[in-house]
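What follows is a short report on a single structure.
Within every chain, numbering begins at 1; the chains are lettered A, B, ... in the order of the sequence lines, protein sequences first and strands thereafter. Just so it is clear, the values below take in all heavy atoms, side chains as well, and ignore hydrogens, waters and symmetry mates.
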Protein chains: 4
Amino acid sequence: MARQRAFTKSELLDATERLLMERGYDGFHLKALSEMLSGARSTIYEYYANKEEIVAACMRRTMEQTIEACEGIEQLEPVAAIKKVLLIFLELSNFHTLMLAAPKIDETASDKARRDLEFLNEGHADLKKKLTALFQKAQEAGALRADIPLPVITAVFFHAIDTPNWLNVPTEEWADMLFGLWWNGGGNPLTK
Amino acid sequence: MARQRAFTKSELLDATERLLMERGYDGFHLKALSEMLSGARSTIYEYYANKEEIVAACMRRTMEQTIEACEGIEQLEPVAAIKKVLLIFLELSNFHTLMLAAPKIDETASDKARRDLEFLNEGHADLKKKLTALFQKAQEAGALRADIPLPVITAVFFHAIDTPNWLNVPTEEWADMLFGLWWNGGGNPLTK
Amino acid sequence: MARQRAFTKSELLDATERLLMERGYDGFHLKALSEMLSGARSTIYEYYANKEEIVAACMRRTMEQTIEACEGIEQLEPVAAIKKVLLIFLELSNFHTLMLAAPKIDETASDKARRDLEFLNEGHADLKKKLTALFQKAQEAGALRADIPLPVITAVFFHAIDTPNWLNVPTEEWADMLFGLWWNGGGNPLTK
Amino acid sequence: MARQRAFTKSELLDATERLLMERGYDGFHLKALSEMLSGARSTIYEYYANKEEIVAACMRRTMEQTIEACEGIEQLEPVAAIKKVLLIFLELSNFHTLMLAAPKIDETASDKARRDLEFLNEGHADLKKKLTALFQKAQEAGALRADIPLPVITAVFFHAIDTPNWLNVPTEEWADMLFGLWWNGGGNPLTK
DNA sequence: CATGAATGAGATTTCATTCAT
DNA sequence: CATGAATGAAATCTCATTCAT
């Protein structure tokens, strides 16, 4: 009983995510956003009260997807679980980059944004605990090197996920390569 | 009675580099820049004609330092050379992050900026050729795995350099760890 | 199945009056107005074509009430009439404040508004004539001081009506006090 | 050693005061302000960080002038002091109207504005104490009526100050009339 | 040279009003 | 009728850049 919607909330967040990935937080303008959507700039304010809320909502959505994808991961055998984690984060490849913008958001601008950021923090903490436990378990099972501190091994793992796939290798295969390199290294086993 | 020199070009570029690293290209403002220096905002225009020129000059300087540091690397034995490269880029840790800003610079704003960006491109190409040759030589010497495409091994190597050093391990030691993980992987050799 | 009536014209004007008194003309927004009513903002346009018309209609209503209340006042004995006028304006306490908004209304926006404003002007003029005549009669009857120009005495009288009743004295009593002070002054009669 | 100033801070506050008096807080726009000054709208931000700061500073200035004018008033004989107060507030006729805007200012917008508003509150409290004491002393000296509560007498006095001077009577004479009416009332003494 | 001051272009946000169901 | 949704105009504010001393 009103005009047809110019765009849905979900389309708005999709466009937001694309812009945040392409231009970063400071390069994210509502002008660009509205140009990616079929509507006027002011229409965006029918959905969110300000810029901060939009970005926070976008990040929250990604966090929710990530948490959901990691559901039940601890039931798997440690090394398989780690490989699964790699695949999850590869598919949600925006996760790390998006989360970088979190500290730039002005929390005082909006209560809704503040609550979303809180959710993000809790989600982050939960994920960290869960994944740390996973790597711990893997090491206790003797699957990981003991001569290098576990946090370093973990940090390298999570950072490796974001390696740019210049050759556009298909995701599955790319995951295999990354895991293979992280697990066995790039050196020739015959010469080691 | 002449006014005292406000700040040197070099101080200006140092501050620029710090700001670019801390806030990214879009968060880089001349206002913030002048606040980090001992002079007025308008004085900046005595050195550079616009924002773009400053960023381009800053990136050019880093590129020059990098090229110089890599001078003669090809004389070393391949694996030692690769380890040296790791250390060089670790010390010039800003390199990758800084270069990310390059495509954001509006080349139409300034000829000088355009020339600097061209220099950057050439430098990038030269470096790439040189380092690709290095890894090629290493593989031909049988030092690298053959079952994973060389560009992937290289990409993972260069991306691993930027792994955040959360534990603040001293650089030398950190370099050893990163190289060790890249070379041998994180899996326990006993279980492989 | 007809939608239920959202709100009446009268409710709309009541809310308008409240908002005008609380926030003044420039602080009067249709958004706030619709929030005070049980309907959508766009429904307001079923009753009035624009903001100006609403305010003008609201002011006209108050003017009509005031004129009606003053009906027949000239039949009373002058001083009693003046006291009655005081009570009338105290009860229609919004009158003066509301009328202040009149010059702010953009007459070009609406014909209906323009006509209401004309009515206001005429009403104002009529009231003024009537009340001036009243004070004139009182002075001719020797009831008012002759050493101060009548318009000044009148102005002070009408302005005194709006004295804020901080102590929340009941209206009747408050009217007595105001009239007493206006009539006899605040000085101690024994020392005069 | 720079361009000539487009306008001084004092001119800015003068224009602000005029606009606030003519249009009220909600009708106070920076566009109108800049049009009254010989400069661009953005230049205003070289003086004050936001709208709130401007209004707060303007009100603070008026409060300072008022406090200064009331300096030493308590040394006078009570009735003479009250008459002096009338003259002071008549000359600073904007005082009451300006202060009405205070509660509309958003204190969270600026620290500077918040501090100015605090100053205003303190000033208000001080003035109130001082003037209340004055009227108290006058009543104790038997100069004021005892049959009407003192706060009412005071309220009527301070409200009467703002009586619009439609006839444009010169200030001194106007003060005499207002005081005369407040003190002796408008009724004819012969008939009382 | 160095800089205080001025400013236009562009970003965010609000709100009266129109549109379409 | 009633209204949810859309939107342009206008307001606030920021910042790169120019000007004039």
Side-chain angles (χ1 to χ4, degrees), chain A residues 1-7 26-34 37-54 106 109-110, chain B residues 1-7 28-34 38-54 106 109, chain C residues 1-7 28-34 38-54 106 109, chain D residues 1-7 26-34 37-54 106 109-110:
Chain A
M1 123 201 21
R3 253 198 275 192
Q4 202 183 23
R5 277 192 178 286
F7 46 79
D26 291 292
F28 172 74
H29 302 310
L30 293 207
K31 197 183 166 214
L33 183 57
S34 69
L37 298 166
S38 54
R41 212 185 314 183
S42 57
T43 303
I44 296 172
Y45 289 89
E46 298 292 324
Y47 295 78
Y48 295 100
N50 51 47
K51 205 182 157 185
E52 280 71 29
E53 280 191 12
I54 302 173
D106 173 13
S110 149
Chain B
M1 190 189 293
R3 220 79 59 79
Q4 69 178 48
R5 192 171 199 73
F7 45 78
F28 171 74
H29 303 310
L30 292 207
K31 206 184 164 204
L33 182 59
S34 70
S38 55
R41 196 167 6 154
S42 52
T43 305
I44 295 172
Y45 290 86
E46 297 294 325
Y47 295 83
Y48 295 100
N50 52 45
K51 202 183 162 185
E52 280 72 28
E53 280 191 9
I54 301 172
D106 174 16
Chain C
M1 190 188 295
R3 222 78 60 78
Q4 69 176 52
R5 194 170 196 74
F7 44 77
F28 171 75
H29 302 309
L30 293 208
K31 204 183 164 204
L33 182 58
S34 70
S38 55
R41 199 173 355 163
S42 52
T43 305
I44 296 173
Y45 290 86
E46 296 295 323
Y47 295 83
Y48 296 100
N50 52 46
K51 201 183 163 183
E52 280 72 27
E53 281 191 11
I54 301 172
D106 174 14
Chain D
M1 124 202 19
R3 254 199 273 193
Q4 201 182 20
R5 275 190 181 286
F7 46 81
D26 291 293
F28 172 74
H29 302 311
L30 292 207
K31 195 184 168 216
L33 183 57
S34 70
L37 298 165
S38 54
R41 212 182 315 182
S42 58
T43 304
I44 296 172
Y45 290 89
E46 297 294 322
Y47 294 78
Y48 295 100
N50 50 47
K51 205 183 156 182
E52 280 72 28
E53 280 190 12
I54 301 173
D106 173 14
S110 148

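Toward the 5' end of DNA chain E, the nearer of the two residues D:Ile44 and B:Tyr47, judged by each one's closest nucleotide, is B:Tyr47. With DNA chain E read from its 5' end, the first of the two nearest nucleotides for D:Glu46 and A:Glu46 is the one closest to D:Glu46. Comparing B:Tyr45 and A:Phe7 against DNA chain F, the residue whose closest nucleotide sits nearer the 5' end is A:Phe7.
The structure places CG of D:Asp26 at 12.5 Å from CZ of C:Phe28, a figure rounded to the nearest 0.5 Å. Note that CD1 of C:Ile44 is 12.5 Å distant from NZ of C:Lys31, once rounded to the nearest 0.5 Å. The OG atom of A:Ser34 sits 8.0 Å away from the CZ atom of A:Phe7 when rounded to the nearest 0.5 Å.
Distance A:Lys51 NZ to F:dT14 C1': 12 Å, rounded to the nearest Å. Per the geometry, OH belonging to B:Tyr48 stands 14 Å off P belonging to E:dA2, to the nearest Å. Protein atom CZ of B:Phe28 is 10 Å distant from nucleotide atom P of F:dT17, rounded to whole Å. D:Asn50 places its CG atom 5 Å from the P atom of F:dC13, with the value rounded to the nearest Å. Between D:Leu37 atom CG and E:dT7 atom C1' the separation is 15 Å, expressed in whole Å. Atom CD in B:Glu52 sits about 13 Å away from atom C1' in F:dC15, given to the nearest Å. For the pair B:Lys31 NZ and F:dC15 P, the computed distance is 5 Å after rounding to whole Å. If you take CD1 of A:Ile54 and C1' of E:dT12, they are 10 Å apart, rounded to a whole angstrom.
Counting only heavy atoms from C-beta on, A:Arg41 has its side chain closest to E:dT12 among E:dT12, E:dT7, E:dA2. Listed nucleotides F:dT17, F:dG8, E:dA6 differ in distance to A:Ala40; the shortest reach to its side chain belongs to F:dG8. Nearest to the side chain of D:Arg5, among F:dA2, E:dA6, F:dA16, sits E:dA6. Taking the side chain of A:Thr43 as heavy atoms from C-beta on, and the options E:dT17, F:dT7, E:dA6, the nearest nucleotide is F:dT7. Here the nucleotide nearest the side chain of C:Leu30, chosen from E:dA2, E:dT17, F:dA2, is E:dT17. Of the candidates F:dA5, F:dT7, F:dC19, F:dC19 carries the atom nearest the B:Ser42 side chain, counting heavy atoms from C-beta on. Checking F:dT17, F:dA6, E:dC15 against the side-chain heavy atoms of C:His29 singles out E:dC15 as nearest.
At least one donor-acceptor pair under 3.5 Å links the side chain of A:Ser38 to the backbone N or O of A:Ala6.
Listed here is the closest heavy atom pair of A:Asn50 and A:Ala109: ND2-O, 3.3 Å. When all heavy atoms of A:Arg41 and A:Leu30 are compared, the closest pair comes out as CG-O, 3.7 Å.
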Strand DNA chain F in bracket notation, Watson-Crick/G-U under 3.5 Å with | for pairs to another chain
.||||||||||||||||||||

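With sequence neighbours excluded, the residues satisfying side-chain contact (heavy atoms from CB on, under 4.5 Å) with B:Tyr48 are B:Lys9, B:Leu12, B:Leu13, B:Glu53, B:Ile54, B:Ala57, B:Lys112.
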